[in-house]
Amino acid sequence: MKTLAGSVTLLAICGGAFLVPATAQGPKKEKVDLIVSGGTLVTMNAERRILEDGAVAVKGDGIVAVGPRTEVEAKYAAALFLDAKGKLVLPGFINGHTHVPMSLFRGLKDDVTLEEWLTKSIFPAEAKNVTEEFARWGTRLAAAEQIRGGVTTFADMYYFEDAIAEETKAAGMRAVLGESILDFPEPDNKSNAAMLDYTEKFLKRWQGDALIHAAAAPHSIYTCSRQTLQDAAALARKYNAPILIHVGETRKELSDSREKNGTTPVQYLEKLGILGPDVLAAHCIWVDETDRQILARRQTGCVHNPSSNMMLASGVAPVVEERAAGVAVGLGTDGPAGSNNDFDLMEEMDLAAKLQKISKMDPQALGAKAVVEMATIDGARALHLEKEIGSLETGKKADVILIGLDAPNAVPMYNIYSQLAYALKGSDVETVVIGGRVVMRDKKLLTVDEAAAIAKAREYKNKIEASLK
Ligand SMILES: [Zn+2]
C-alpha cells in the first residue's frame, strides 16, 4: 500500500483502484527491513524464554523487536518477510575456536598423535602450500559449510588473517579473527617483529568494523616465549582487541609447564599478566580447581572442543566444574583438519553433553539445555560479545537462524532443547540471517560461490598431495 498525501491510501483491487481514508487503517506501522514471522522462538535470553508463534523485527543490522507475531506484525511493516511457521528460530550458533583455512587440509592425515600430525603432516604441508590465496579459498569453503550449519560467528586463529577477514566479511559472517604469533617462521611472517608489525596493521585496519573483530593470537605457552606472549598481549591491549590462545590442551603441555615454569599453564599465564576479560582460551582441559577460580575471576572465556579432544585423545575438559566455577564456556569445532573434521556445531552440542555423561558415568552431568547455551549465549560470553550476540533480544545484532522440523529426525518433538542437542543436525538449518542480511535462504547460499569453493578444494587436494611427495 502506498500512502498518498498522508491522508488517503491507494488500494489496488481486481486491477482497479479506489481511495480509503487513512483513519480506516488503524495506526501507521513503523517500517523495518525484515520480519522473521511465526515459528517457535528459542530466545536464549536471561529467562530462556520460548515463544510459540513469535516474530523478530530487524532494522539495519539489529533486532528492534521480539515478541508474539500478532503484536510485532501490528506494530511493524517490513520490506522482507521470512516465514518461520513450523520452524525453530534461534540466535545464530557461535563456533568459538577453529582454523578456517585448514578446511583445505581436511582428512590429509588422521588417526595419529598431535605431535606426529603436526611435525610430519601439517607443518610441512603448511610450509609448502599456505599462501594468501590458500587462506582465501579455505575461508570461502569454511564459510559455506559454517553458514549451512547455522554458524553466524566464529573465532579463528591462523595466518593471513587480514585476507581471512576480507573473505569473512564478503561472506557476511561475523568473526573474531586472531593473527597467529609464534616463535618460529610462519607462512606469512618470518620473524616475531614481522608478526607483530602485521598484527598491528591488521588490528588498526578493522577497528570499528561491524562484523570483524581483529585479534592477536599468541598460539600457546609451548610455542611462544614469555616475551612473545607479553608482546602479543600488550599489542592487543593497545587496541582494545581480544587475545586468542590455546591453553591446557594436552597432558604434555601441563607436565612441561610444571617442569619449565614450576606451575600450570593457567597459573603461568596469570603470573605473566596475560589473563583478563579480553582473553579467549581454547580447550582448557588440563586445568585444576585453582586454575578454574583464576579463569572465573579474570573473566577469561573458555572454548570446549569435544570432537577435537576426542579425536586427538587430548582428554576430557572439566566443563561441568568450569561452569560451576562461573567460567563462560563456549563450544568450538577446532580443526577442521586432523581434529574433527568438519564445522558442524550441532554435532559438538551433542558430543559435549555425551562426553561429560560418559566420563562421569552420570547421564545428568551436562544436559541438552546447557549445551544449547554453550553454542549460543555462553559462547557469546566466552567471546566477550554477549552485548552483541548470543540471544534473540531487542538491541542485539540480528543473527538469526531458522531450523526446519519436517525431516524424519525432527519428529516428534517433546522437548526443544533435547531435539536441538540430540536429534537435529546442522543440515536441518534452512535460513540464516547475519547482521540483518540473509546469507542463506531455504538452503540456498546467497553470499558464497559454493560451487567454486568446492571445485577449488578438489584442485588443492591434488596440489597438496603432490607437494608432499
Ligand atoms: Zn586449535
Side-chain angles (χ1 to χ4, degrees), residues 94-110 112-119 121-123 125-126 130 135 138-139 142 145-146 151 153-161 164 175-182 184 186-187 215-224 229 232 242-254 265-266 269 279-287 300-317 319 329-345 347-348 351-352 374 379 382-383:
I94 297 163
N95 182 1
H97 179 67
T98 188
H99 313 275
V100 285
M102 295 185 84
S103 55
L104 296 174
F105 292 133
R106 187 195 321 264
L108 174 64
K109 187 76 184 170
D110 294 325
V112 290
T113 64
L114 176 61
E115 209 171 333
E116 192 185 337
W117 179 75
L118 280 175
T119 54
S121 301
I122 286 302
F123 287 156
E126 284 183 333
V130 175
T139 305
E145 188 180 344
Q146 292 199 90
V151 170
T153 297
F154 65 95
D156 194 73
M157 296 170 72
Y158 209 59
Y159 317 111
F160 299 104
E161 285 290 340
I164 294 172
V176 179
L177 305 175
E179 171 68 17
S180 289
I181 296 169
L182 304 157
F184 51 84
E186 297 176 339
H219 177 270
S220 63
I221 64 162
Y222 57 90
T223 50
C224 296
L229 291 167
I243 298 161
L244 273 50
I245 184 167
H246 294 94
V247 179
E249 180 174 2
T250 63
R251 189 154 49 187
K252 187 174 185 317
E253 180 185 338
L254 174 64
V266 168
L269 288 167
V279 176
L280 180 63
H283 300 301
C284 300
I285 300 169
W286 297 93
V287 295
T300 291
C302 290
V303 178
H304 175 46
N305 306 274
S307 280
S308 169
N309 300 164
M310 286 194 273
M311 194 150 165
L312 294 167
S314 305
V316 181
V319 170
V329 186
L331 270 184
T333 58
D334 201 3
S339 60
N340 194 315
N341 291 346
D342 60 36
F343 292 105
D344 190 342
L345 204 71
E347 187 176 273
E348 302 302 321
L351 291 174
M374 290 168 71
L383 270 63

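Atoms within each ligand, like the ligands themselves, are counted from 1 in listed order. Counting from 1, the numbers follow the sequence of the chain as shown.
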ask   = So which protein N/O/S atoms does the Zn ion (ligand 1) have within less than 2.8 Å?
value = His97 NE2, His99 NE2, His246 NE2, Asp334 OD1
ask   = Is Glu253 close to Trp286 at the side-chain level, that is, under 4.5 Å between some pair of heavy atoms?
value = no
request  = Measure from the side-chain N and O atoms of His283 to the backbone N and O of Val247, and report whether any donor-acceptor pair falls under 3.5 Å.
outcome  = no
Side-chain donor/acceptor of Arg106 to backbone N/O of Pro336, under 3.5 Å =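 No.
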ask   = Hey, what's the ring geometry for His246 with His219, parallel, tilted or perpendicular (30° and 60° as the breaks)?
value = tilted
query = Side-chain donor-acceptor pair under 3.5 Å between Asn305 and Glu249, yes or no?
reply =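 Note: Asn305 and Glu249 side chains miss the donor-acceptor criterion.
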Passing candidate, side chain to side chain contact (heavy atoms under 4.5 Å, CB included) with Thr139, options Leu104, Asp156, Leu177, Ile164 =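 Of the listed residues Leu104, Asp156, Leu177, Ile164, the side chain to side chain contact (heavy atoms under 4.5 Å, CB included) partner of Thr139 is Ile164.
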